[in-house]
**Student:** 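Take a look at this one; I'll ask things after.
Side chains included, hydrogens not; waters and symmetry mates left out as well; all remaining heavy atoms used.
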Amino acid sequence: MNVRLSLLLIVVLALISGSVFITRELSTKEPKKFEPWLFKLDTDEITAIFVDSQGSHMGYARQEEGWVIKDGADTPVFNDKWAGTPLLLSGPRVQRALLEQIEDLTLYGLDSPQTEVRIETRSGVTTELELGDPTPDGSNWYVKLKDSNQLFTLPT
């Protein structure tokens with residue numbers, strides 16, 4: 001048999017073996033897990049956002065000309081800073097789910113939350129979330145939906 005043909009067959013066999021090995025390795029690994037969403041809303045559906053934080057209350061509403069601060073005078077928001085806010089609040093990604101059922105809210109600062117956010121939509125759906133204490137490493141906050149007892153961490 002020709003030496004060149006033999007070498008070509010060996011190279012082809014090595015390529016096929018390598019492809020099979022790589023395919024098997026990739027198929028046995030677990031798929032990458034994506035972070036869960038705390039909730040998901042359509043950004044264009046959000047009509048109002050109300051924030052209560054440590055005794056202060058602030059409201060924002062979408063009007064035909066854009067977002068305004070509900071301060072009695074309907075002051076327009078500064079769009080350069082505000083632009084991403086409705087997007088962030090339409091579906092915050094949580095770092096991880098900690099507990100399915102919170103036994104003691106005081107451990108996480110959720111017995112009297114530091115911040116409460118209420119989001120209203122055109123369809124009449126109201127979503128409320130509560131932020132508690134920061135996590136010990138300071139990179140996340142404990143958070144839960146108002147009518148739920150499931151605990152999550154939300155990146156700061």
Side-chain angles (χ1 to χ4, degrees), residues 15 18-156:
L15 289 173
S19 299
V20 169
F21 176 77
I22 290 172
T23 304
R24 280 193 159 177
E25 280 297 310
L26 292 176
S27 67
T28 58
K29 290 185 179 180
E30 289 184 30
K32 183 179 177 183
K33 294 181 181 178
F34 292 99
E35 299 170 355
W37 299 97
L38 184 59
F39 58 86
K40 195 80 171 127
L41 299 171
D42 183 3
T43 306
D44 295 330
E45 287 291 309
I46 297 175
T47 57
I49 300 169
F50 299 96
V51 180
D52 292 313
S53 183
Q54 300 176 348
S56 66
H57 175 78
M58 194 58 108
Y60 305 90
R62 183 190 305 251
Q63 295 182 348
E64 288 182 23
E65 60 276 356
W67 283 92
V68 297
I69 302 170
K70 297 305 287 177
D71 57 359
D74 288 348
T75 307
V77 297
F78 182 58
N79 276 328
D80 289 346
K81 286 194 172 209
W82 177 260
T85 303
L87 178 64
L88 289 173
L89 291 174
S90 69
R93 285 190 108 162
V94 293
Q95 193 66 23
R96 64 183 204 177
L98 292 178
L99 297 170
E100 290 293 322
Q101 184 71 28
I102 305 171
E103 298 298 326
D104 187 5
L105 293 172
T106 57
L107 293 175
Y108 309 101
L110 291 165
D111 56 333
S112 58
Q114 291 188 23
T115 303
E116 295 182 36
V117 179
R118 187 174 84 235
I119 304 162
E120 297 176 358
T121 64
R122 284 188 191 131
S123 59
V125 174
T126 299
T127 304
E128 297 180 68
L129 61 116
E130 300 174 335
L131 276 79
D133 292 337
T135 57
D137 65 359
S139 62
N140 296 289
W141 291 86
Y142 294 114
V143 64
K144 75 177 199 69
L145 292 173
K146 187 164 185 103
D147 296 329
S148 170
N149 278 329
Q150 192 172 9
L151 180 66
F152 298 94
T153 58
L154 183 70
T156 55

**Student:** Heavy-atom distance under 4.5 Å between the side chains of Q150 and L145, does that happen here?
**Tutor:** no

**Student:** Do I49 and W67 touch side chain to side chain, with heavy atoms closer than 4.5 Å?
**Tutor:** yes

**Student:** I'd like to check L151 versus L110 (side-chain heavy atoms, cut-off strictly below 4.5 Å). Are they in contact?
**Tutor:** yes

**Student:** Quick check: do V125 and E45 have side-chain heavy atoms less than 4.5 Å from each other?
**Tutor:** no

**Student:** May I have the step-by-step check of side-chain contact (heavy atoms from CB on, under 4.5 Å) for Q114 and L131, ending in yes or no?
**Tutor:** CA-CA 6 Å; Q114 291 188 23; L131 276 79; 5.7 Å; no

**Student:** Can you measure from OG1 (T121) to CG (D42) and round to the nearest 0.5 angstrom?
**Tutor:** 9.5 Å

**Student:** At what distance, to the nearest 0.5 angstrom, does CG of L154 lie from CG of N140?
**Tutor:** 7.5 Å

**Student:** Check whether more than 12 heavy atoms from other residues, nucleotides or ligands sit under 6.0 Å from atom CG of D71, and answer yes or no.
**Tutor:** yes

**Student:** Provide the closest heavy-atom pair for V143 versus V94 in the form atom of the first, atom of the second, distance.
**Tutor:** CG1-CG1, 4.5 Å

**Student:** With a 4.5 Å heavy-atom cut-off, do Y108 and K144 have their side chains touching?
**Tutor:** no

**Student:** Going by heavy atoms in the side chains, are F39 and I119 under 4.5 Å from each other?
**Tutor:** yes

**Student:** I69 and side-chain contact (heavy atoms from CB on, under 4.5 Å): which partner among Y60, F78, W82?
**Tutor:** Y60

**Student:** Among E116, E128, M58, E120, which residue satisfies the side-chain contact (heavy atoms from CB on, under 4.5 Å) criterion with F50?
**Tutor:** E120

**Student:** If the threshold is 4.0 Å, N to carboxylate O, is there a salt bridge linking K146 and E130?
**Tutor:** yes

**Student:** Would a distance-only check, ignoring hydrogens and angles, find a side-chain to backbone donor-acceptor pair under 3.5 Å from R62 to I46?
**Tutor:** yes

**Student:** Okay, side chain of R122, backbone of D44: is any donor-acceptor separation there less than 3.5 Å?
**Tutor:** yes

**Student:** If you draw a 6.0 Å radius around NZ in K40, do more than 12 non-hydrogen atoms from other residues or ligands fall strictly inside?
**Tutor:** yes

**Student:** Side chains of W141 and T135: closer than 4.5 Å at any heavy-atom pair?
**Tutor:** no

**Student:** Got Y142 and L107 here, is their nearest side-chain heavy-atom distance under 4.5 Å?
**Tutor:** no

